[in-house]
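As structure tokens, the structure follows; a few thoughts come after it.
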Amino acid sequence: MDLLVEASPRRVFANAHAYHINSISVNSDCETYLSADDLRINLWNLNITDRSFNIVDLKPENMEDLSEVITVAEFHPHHCHLLAFSSSTGTTRLCDMRASALCDQHAKLFEEAADPSHRSFFSEIVSSVSDVKFSHSGRYLLTRDYLTVKVWDLNMENKPVETYQVHDYLRTKLCSLYESDCIFDKFECAWNGTDSVIMTGAYNNYFRMFDRASLRDVTLEASREVCKRRAVLQPRRVCVGKKQKETDVSVDSLDFRKKILHTAWHPKENIIAIAASNNLYIFQDRLTPNGHHNTPEIQSAPPKWQTQPNPPTY
């Protein structure tokens, strides 16, 4: 019979949020964790379920004065006193809980100055940060907005050290994306185990990988049509003008109902998980002739990916 997975709650931490929770992050001390909603971030002890401590509060006295909301929050992987949270204005704040119990004053503010000549009605919407991830080393921050994914050095606040265009071909379609509410989609991002490759999702069930060393990138597809067992995923290409290859996909034929918002990368192995609508796809890099996996340390570009021999079904 098929394997059935059932989740049963061990503890319930309740009555601490007035809005939908958008983030949960376990601290490196393995004793506390944070939960965040649009306006507040609370600190919990894993063994105390009936009370929490508010460490960030953006709620103004008059809600008409509200200018931004919290979109995502995460603890530093090594330093239990550091946390980062991003907002709808495109900024990311680094907070140090050693300085103050209430982190209403940030230690660092990561923000890229906008070019006034390129400002439009959609500028603030597409600059909203939908995800933030610390690198495994703790040196960098990875942020995702609607059109790009950026790498920030914790020692440099004024601009990112790397910027990758995820789907720049959508700039001419922002009006229609706004009318369909797709422009408010929240895409996640992920590091590989060595912080050398970045992954994030896109439309048409595509997901993107960027190799930081070689600056090479690849677009792959996660769908039932192409994900046969042990099948190697073939690169995809979205074209704005005339197709150069038969396999190219025109930007006008993209299906915006098919989107990959959630992605995850195994912390040590080259195994990734991709969520596309109600399907969960698990891929691993292609096996070498001797039956072993390619090691992440010797990758010069994003590896070839194939479906696992026996992927779980959810």
Side-chain angles (χ1 to χ4, degrees), residues 23 25-29 34 36 41 55-56 68 70-100 103-115 118 123-124 126-168 186-201 208-218 263-265 267-268 296-297 299-302:
S23 301
S25 178
V26 179
N27 202 342
S28 59
D29 62 12
L34 66 78
I41 299 178
I55 54 177
V56 175
E68 63 178 334
I70 299 169
T71 55
V72 62
E74 185 177 73
F75 269 121
H76 191 279
H78 307 304
H79 302 304
C80 61
H81 53 87
L82 293 178
L83 65 99
F85 73 91
S86 296
S87 79
S88 56
T89 59
T91 62
T92 300
R93 297 174 175 89
L94 183 70
C95 298
D96 190 339
M97 293 190 294
R98 297 174 301 179
S100 174
C103 298
D104 50 357
Q105 298 294 325
H106 51 265
K108 292 188 177 183
L109 177 68
F110 301 91
E111 182 179 18
E112 187 174 19
D115 186 350
H118 294 153
S123 296
E124 186 171 330
V126 299
S127 66
S128 176
V129 178
S130 59
D131 196 20
V132 58
K133 291 286 195 308
F134 280 101
S135 62
H136 294 85
S137 66
R139 170 76 182 273
Y140 300 100
L141 270 174
L142 180 65
T143 62
R144 171 69 203 265
D145 55 42
Y146 189 68
L147 294 175
T148 66
V149 61
K150 300 174 181 177
V151 177
W152 301 79
D153 190 318
L154 291 186
N155 297 319
M156 188 168 70
E157 306 170 49
N158 60 334
K159 64 178 181 179
V161 292
E162 300 164 27
T163 300
Y164 302 96
Q165 301 294 333
V166 179
H167 37 211
D168 197 52
K186 307 299 182 184
F187 293 95
E188 294 179 357
C189 53
W191 299 89
N192 74 333
T194 59
D195 300 332
S196 61
V197 182
I198 295 165
M199 176 175 63
T200 190
R208 305 265 283 141
M209 289 184 174
F210 304 91
D211 188 289
R212 299 179 60 202
S214 66
L215 300 182
R216 297 172 62 182
D217 63 88
V218 65
T263 58
W265 204 312
K268 296 181 179 179
E297 289 74 20
Q299 296 169 2
S300 60

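Just so we're clear, the structure is a prediction, and the values are computed from it rather than from any experiment. Positions are given from 1, in the same order as the sequence printed here.
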Does the [X] side chain pair with the main chain of [Y], one donor and one acceptor, at a distance under 3.5 Å?
X: Lys108; Y: Leu154; answer: yes
X: Thr71; Y: Ser88; answer: no
X: Glu111; Y: Thr91; answer: no
X: Ser100; Y: Cys103; answer: no
X: Asp211; Y: Arg216; answer: no

Margin query: Could you work out, with salt bridge (Lys or Arg N to Asp or Glu O under 4.0 Å) as the rule, every residue matching Lys133, not counting sequence neighbours?
Written below: Asp131
Notebook entry, point to check: Excluding sequence neighbours, so at least two apart, what forms salt bridge (Lys or Arg N to Asp or Glu O under 4.0 Å) with Glu68?
Noted result: Arg93
Under the side-chain hydrogen bond (donor to acceptor under 3.5 Å, both in side chains) test, residues paired with [X] that sit two or more places apart:
X: Glu162; answer: Tyr164, Arg212
X: Glu188; answer: His262
X: His76; answer: none
X: His78; answer: none

Rounded at 0.5 Å granularity, tell me how far [atom1] in [X] sits from [atom2] in [Y].
X: Asn27; Y: Glu74; atom1: CG; atom2: CD; value: 11.0 Å
X: Thr194; Y: His136; atom1: OG1; atom2: NE2; value: 9.0 Å
X: Met199; Y: Met209; atom1: CE; atom2: CE; value: 5.0 Å
X: Thr92; Y: Phe110; atom1: OG1; atom2: CZ; value: 8.0 Å

Checklist line | Contacts of Tyr146 that satisfy ring-ring contact (aromatic ring centres under 6.0 Å, His included) - sequence neighbours left out | finding: His167
Notebook entry, point to check: With His106, which residues qualify under ring-ring contact (aromatic ring centres under 6.0 Å, His included), at least two apart?
Noted result: none
I'd like to check the side-chain contact (heavy atoms from CB on, under 4.5 Å) partners of [X]; sequence neighbours left out, ordered by chain and number.
X: Thr163; value: Thr148, Lys150, Pro160, Gln165
X: Asp96; value: His81, Leu82, Arg98, Ala107
X: Asn158; value: Met156
X: Lys186; value: Ser128, Ser130

Next item on the list: Let me know which of Thr263, Thr200, Asp217 forms a side-chain hydrogen bond (donor to acceptor under 3.5 Å, both in side chains) with Arg208.
Entry: Asp217
Non-hydrogen atoms of [X] and [Y] that approach each other most closely:
X: Asp195; Y: Ser137; answer: OD2-N, 3.1 Å
X: Arg144; Y: Phe187; answer: NH1-CB, 3.2 Å
X: Ala36; Y: Ala73; answer: CB-CB, 4.0 Å
X: Ser28; Y: Pro77; answer: CB-O, 3.4 Å
X: Leu141; Y: Ala84; answer: CD2-CB, 4.3 Å

Measure the shortest side-chain to side-chain distance between [X] and [Y] over non-hydrogen atoms and say whether it is less than 4.5 angstrom.
X: Val149; Y: Phe210; result: yes
X: Asp29; Y: Phe75; result: no
X: Leu83; Y: Ile55; result: yes

Margin query: side chain to side chain contact (heavy atoms under 4.5 Å, CB included), that's the test. Do Leu34 and Phe85 meet it? Break it down for me.
Written below: CA-CA 11 Å; Leu34 66 78; Phe85 73 91; over 6 Å; no
Next item on the list: Apply side chain to side chain contact (heavy atoms under 4.5 Å, CB included) to the pair Phe134 and His79, showing each step before the final yes or no.
Entry: CA-CA 11 Å; Phe134 280 101; His79 302 304; over 6 Å; no
